Engineer: 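There's a structure below that I have some questions on.
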Amino acid sequence: MAKIRTRVAPSPTGDPHVGTAYIALFNRAFAKSQGGEFILRIEDTDQQRSTPESEQAILNALQWMGLTWDEGPDIGGPHGPYRQSDRSDIYKQYADQLIEQGHAFHCFCTSERLDAMRRQQRLNGQPPGYDGRCKGLTKEQVAERHAAGEKSVVRMDVPREGACEVRDMLRDPIEIEWKQVDMQVLLKSDGLPSYHLANVVDDHLMEITHVIRGEEWISSTPKHILLYQYFGWEAPQFFHMPLLRNADKSKLSKRKNPTSIDYYRRLGILPEALLNYLGMMGWTMPDGEEKFTLDEMVNNFDINRVSLGGPVFDTEKLDWLNGRYLRESLSDEEFAQRLMDWAYNKDYIMQFLPLVRERVERLSDVAPLAGFFFAGMPAISADDFAHKKIDAELTRKILQLSLWKLETERHWDKEHIMADVKAIGDHLGVKLKDVLFPFFVAITGSPRSVSVLDAMVILGPDMVRARLRFALGLFDALSKKELKALEDEFAAIGQFMD
């Protein structure tokens, strides 16, 4: 029997997500429980959004949690490269093979033509999907259009009759009609693959035997099964894990719950507690014990005991579990060391010490002034945002527009944060000092404190965004109409800054 090999394949387009750690944990637990191997692969085919900073943040976060891998971009291995942007020639070779065999075709349709097609499909009550217009082009016609300078993508051919049976090891077989499956783009006009082609090719070449991923990928599985059939390869076994949920059962999102691993690290959650909590999401130890180590999970792991009910990511339950670790698993000396490693260390204190020194006259002044650097959410209310030049509605607008802008900011330094905040102020016609007032309250918990822009840099994007969301939650929620109008304003700001 072939050695079991699983993988996690994050896209480096944002903050390290707890959902990535959740899927990585179950892949690693399953592989190691069977004496197998766990691989990390970076899926960075979205070159516009992928960044080296995001990739490194993901690697750092997973390593902090204790999720190690046997092969990956940082340690290499026999099946590399482990970064998709380094494998472009491989994907083109397989796309060409599909075209030659008649399983894929060049598509020259413009975005305008595709938009018009989708609008018409909606009007006709048809499911959205490519209509096959370019499928019948001959080799000569394709060559002529390429010679004329036209760009094309490569699409996979998908049958229009019959259905695909998706065999999921955690569920009954799922039948999906082929007419519901789009003729997916496999190779983009820039020569880079789509997720679907790269995913299948990489899983095959890296000898992945079991694909454990979120249930949102079930609808895409027929495309992957079809590609395995076209290539003549044996498909891996599929396990689709239940999605992490908010308390209202909606998909876990940063709008309702902090989702960044780095946020919980900054908050003072222990890595073993966070890992333990994610292990409880849809799975339990045989004896029902809720507190367990990674090794204990591996030694007792049976993937058939995964529950498909939507696991709720409850931050209060996480706090309870983290408290057990702090009280039960650490000696006083270890507790003190964890405290120092977390934030009470010279490197961290030296970051904000110059800001604090400007405003103190006694050492006892330091704790009240710098306390927010060690805190979670500040103890504030909507009344704390009262300002003679900014009413509650404008304050809410400043906070919301700023949050959206800072959520897209990949360069977390004072210059870029200042530019983002200034752009919001210019758009709203508010002076910079007045725009910054809500930030002082939301970030530091006080209308007067150390430089709030410097504080935002030191606290980092995850904690800053979480505090802005917390502050927004103190105000009346926007109606759908107000939200749409504000989204239009934000789009206009983005165009202005571009």
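In this chain, numbering begins with 1 at the start of the sequence shown. These numbers come from a predicted model, not from an experiment.
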Engineer: Using every non-hydrogen atom in the two residues, find where D384 and A379 come nearest and quote the distance to one decimal.
Structural biologist: OD2-O, 4.4 Å
Engineer: May I ask you to say whether K422 pairs ionically with D426, meaning some side-chain N is under 4.0 Å from a carboxylate O?
Structural biologist: yes
Engineer: Testing R87, R7, H79 for side chain to side chain contact (heavy atoms under 4.5 Å, CB included) with D202, which one passes?
Structural biologist: R87
Engineer: Check whether the side chains of T209 and K3 place a donor and an acceptor atom closer than 3.5 Å, and report yes or no.
Structural biologist: no
Engineer: Assess whether salt bridge (charged side-chain N to carboxylate O under 4.0 Å, His left out) is satisfied between E409 and K414, documenting all intermediate values.
Structural biologist: CA-CA 12 Å; E409 184 57 73; K414 187 174 182 179; over 6 Å; no
Engineer: Rounded to the nearest 0.5 Å, what's the gap from CD on Q47 to OG on S88? Could you check?
Structural biologist: 7.5 Å
Engineer: Would F470 and F475 satisfy ring-ring contact (aromatic ring centres under 6.0 Å, His included), going step by step from the backbone distance to the final call?
Structural biologist: CA-CA 10 Å; F470 176 77; F475 294 86; over 10 Å; no
Engineer: Does a donor on one side chain sit under 3.5 Å from an acceptor on the other, for D413 and H416?
Structural biologist: yes
Engineer: Please walk me through it: do R305 and D302 pass salt bridge (charged side-chain N to carboxylate O under 4.0 Å, His left out)?
Structural biologist: CA-CA 6 Å; R305 294 183 61 248; D302 179 356; 5.6 Å; no
Engineer: Give a yes-or-no answer on whether the side chains of D248 and S250 include a donor-acceptor pair shorter than 3.5 Å.
Structural biologist: yes
Engineer: Ion pair present between E289 and R324, side-chain N to carboxylate O less than 4.0 angstrom?
Structural biologist: yes
Engineer: Filter on side chain to side chain donor-acceptor pair (under 3.5 Å), then keep only pairs touching residues 22-31, sequence neighbours left out; what's left?
Structural biologist: R28-T68
Engineer: Are the charged groups of R41 and E43 less than 4.0 angstrom apart, N to O?
Structural biologist: yes
Engineer: Verify whether one side chain among Y264 and D462 offers a donor that lies under 3.5 Å from an acceptor in the other.
Structural biologist: no
Engineer: Atom CZ in F372, atom CZ in F440: separation rounded to 0.5 Å?
Structural biologist: 9.0 Å
Engineer: Residues in side chain to side chain donor-acceptor pair (under 3.5 Å) with E290, at least two apart?
Structural biologist: K317
Engineer: Side-chain donor-acceptor pair under 3.5 Å between R213 and T221, yes or no?
Structural biologist: yes
Engineer: F373 vs F352 aromatic rings, parallel, tilted or perpendicular, using cut-offs 30° and 60°?
Structural biologist: parallel
Engineer: Who passes side chain to side chain donor-acceptor pair (under 3.5 Å) against S189, sequence neighbours left out?
Structural biologist: none
Engineer: For the residue pair D74 / Q63, report whether a side-chain donor-acceptor contact shorter than 3.5 Å exists.
Structural biologist: yes
Engineer: F292 pairs by ring-ring contact (aromatic ring centres under 6.0 Å, His included) with which of W283, Y277, F301?
Structural biologist: W283
Engineer: Give a yes or no on this: more than 12 heavy atoms of other residues, nucleotides or ligands lie within 6.0 Å of atom NZ of K397.
Structural biologist: no
Engineer: Quickly, which of I261, N257, L318 forms a side chain to side chain contact (heavy atoms under 4.5 Å, CB included) with V18? Name it, please.
Structural biologist: I261
Engineer: Check whether the side chains of Q351 and D347 place a donor and an acceptor atom closer than 3.5 Å, and report yes or no.
Structural biologist: no
Engineer: Heavy atoms only: give me the nearest M65-A21 pair and the separation to one decimal.
Structural biologist: SD-CB, 3.7 Å
Engineer: Can you name the residues that form a side chain to side chain donor-acceptor pair (under 3.5 Å) with Y82, not counting sequence neighbours?
Structural biologist: E71
Engineer: Taking all non-hydrogen atoms of both residues, which atom of A247 and which atom of V312 are closest, and how far apart?
Structural biologist: CA-CG1, 3.8 Å
Engineer: Can you list every pair that meets side chain to side chain donor-acceptor pair (under 3.5 Å) and has a residue in residues 428-447, with sequence neighbours left out?
Structural biologist: none
Engineer: Name all residues meeting the side chain to side chain donor-acceptor pair (under 3.5 Å) criterion together with K32; count only those two or more places apart in sequence or in a different chain, and write none if there are none.
Structural biologist: D70
Engineer: If only atom types and distance count, is the side chain of N246 paired as donor or acceptor with the main-chain N or O of K249 below 3.5 Å?
Structural biologist: no
Engineer: Below 4.0 angstrom, N of the basic side chain to O of the carboxylate: do R410 and E55 qualify?
Structural biologist: no
Engineer: Would you say N300 and E296 are linked by a side-chain donor-acceptor pair, where the criterion is simply a distance under 3.5 Å?
Structural biologist: no
Engineer: Start with the C-alpha distance between H387 and T395, add both sets of side-chain angles, then the distance that settles side-chain contact (heavy atoms from CB on, under 4.5 Å), and finish with yes or no.
Structural biologist: CA-CA 9 Å; H387 188 278; T395 297; 5.7 Å; no
Engineer: Please walk me through it: do E487 and W404 pass side-chain contact (heavy atoms from CB on, under 4.5 Å)?
Structural biologist: CA-CA 9 Å; E487 287 173 344; W404 285 339; 3.6 Å; yes
Engineer: Can we say E215 and R245 salt-bridge, meaning some charged N sits less than 4.0 Å from an Asp/Glu carboxylate O?
Structural biologist: yes
Engineer: Please assess F374 against Y344 for the test ring-ring contact (aromatic ring centres under 6.0 Å, His included), listing each intermediate value before the final yes or no.
Structural biologist: CA-CA 8 Å; F374 303 94; Y344 289 89; 4.5 Å; yes
Engineer: Quick one: do the D46 and S50 side chains pair a donor with an acceptor below 3.5 Å?
Structural biologist: no
